Amino acid sequence: MPKHIGILTSGGDCPGLNAAIRGIGKAAREIFHMDLVGFCDGFRGLVHDRTMALESEMLSGILTNGGTILGTSRDKPHEMEIGGEIRDMTGAVVETYQRNQLDALICIGGGGTQKNALRLKEAGLSVVTLPKTIDNDIARTDVSFGFDTALGIATEAIDRLHSTATSHKRIIVVETMGHRAGWLALGAGTAGGADVVLIPEIPYQLERVAEAIRDRARAGKRFSIVAVAEGAMSVDDAREVNEILAKKLAAKSRWEERKLSEQLDQFHERHLEHTVRLTQQLEKMTGQETRLTILGHLQRGGTPSAYDRMLATRLGTSCAELLNQGVSGVMIAVRGDGVEPVPLEEVAGKKKLVPPGHPWIQSARLVGTCFGD
Ligand code: F6P
């Protein structure tokens, strides 16, 4: 009897998802003789049993395409909005799994997807995940696909901003994505030769940033490029958020915990515009005309880099091989040139942030990059 395998993509899309679907699909169907079915729009499609056949013609011509042929969403099975109400739909997922006579479900996603997959494993399903995200913040894997492409796009943007910054003698602040991790800003900032790099892992002092820019002006440099991760924070903001987090950890009642979660949400809501404020403050403090470029979803769009196509293909084919051997309950992680199955319990709810002594940071400091600390 061939094995029946389901696949879904969940969370924010990224380049390489189609390459991974193709890698899984070709190896699973043609080499291991498995049956495949895709679920549309992440976990929502699984709840509503909305499927897409993944025959060989669907797997052709998609290697180089961005996005995902399956569609995606940020829905979670245990807290899903259904008809204006938040409901636990885990039972519906189990029914879909049984109705389709699945032997395993592959969930391709980022940090949130790993948590959802672990819950489904605990509900008795055979689940395997693949790590994808432009943020590169998934625990226990060297790298996730999507990151290299986003890094290339952000670096090219910084390259291009140099010529306009120098023509106008301006400061240009460029905001990258990355959620609460600084990998993208650090990588693109260093590769693109940004003068200042601000990341969440190193809270910054505004005066230090302004002084680094004034120093450049005194040395006759006509412009400055400031690469900022969307999650970067000043020392004061970091203190505020850490205090709320500490109180939340020590909360004595559900009510107190809920209030603190609300405070945290309000903080992050306010923080969304921090690069706008940073840009205005730097203009005031340096007297130099300053502009802001927010790269946003551009970093997630379009064709994957060669590296991401290779990585997604490698992860996809390894996934099919491991499923054929009966492995489940794991994320297929990247380890050096190979892959390694890691129990979902070791991945879910954890984040891979940039360690303060990481070689990328040391090297950036040695070429004179200011981190605002
Ligand atoms: O996780 C990928 C990511 O692009 C983050 O860098 C960013 O914070 C978030 O998704 C944006 O999410 P959305 O596409 O839902 O606005």
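Everything numeric here is computed off the predicted structure, so don't read it as measured data. Counting convention: from 1, in listed order, for ligands and their atoms alike.
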Students should be able to answer this: which protein heavy-atom is nearest to [atom], and at what distance?
atom	value
atom 1 (O) of ligand 1	D135 OD2, 2.7 Å
atom 16 (O) of ligand 1	H297 NE2, 3.3 Å
atom 15 (O) of ligand 1	R74 NE, 2.9 Å

With side chains defined as the heavy atoms from C-beta onward, is the minimum distance between I158 and V174 less than 4.5 Å?
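Contact flag for I158/V174 side chains = yes.
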
Do E240 and E243 make a side-chain contact, defined as non-hydrogen atoms from C-beta onward lying under 4.5 Å apart?
no

When rounded to the nearest 0.5 angstrom, what is the spacing between OG1 in T141 and CG in N136?
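Between T141 OG1 and N136 CG, I get 8.0 Å after rounding to 0.5 Å.
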
For this output row, return yes or no: ring centroids of H162 and F223 closer than 6.0 angstrom.
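That pair passes the under 6.0 Å test.
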
Sub-4.0 Å atoms of ligand 1 with respect to non-hydrogen atoms of [X]:
X	value
G178	6 (O)
I134	4 (O)
E230	5 (C), 6 (O), 7 (C), 8 (O)

Nearest neighbour of atom 3 (C) of ligand 1 from the list Q299, R300, H179, on a heavy-atom basis:
R300

Are K3 and D35 close enough for a salt bridge, meaning some N to O gap below 4.0 Å?
no

Between the side chains of S305 and D148, is a donor N or O closer than 3.5 angstrom to an acceptor N or O?
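Judged by distance alone, the side chains do pair up.
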
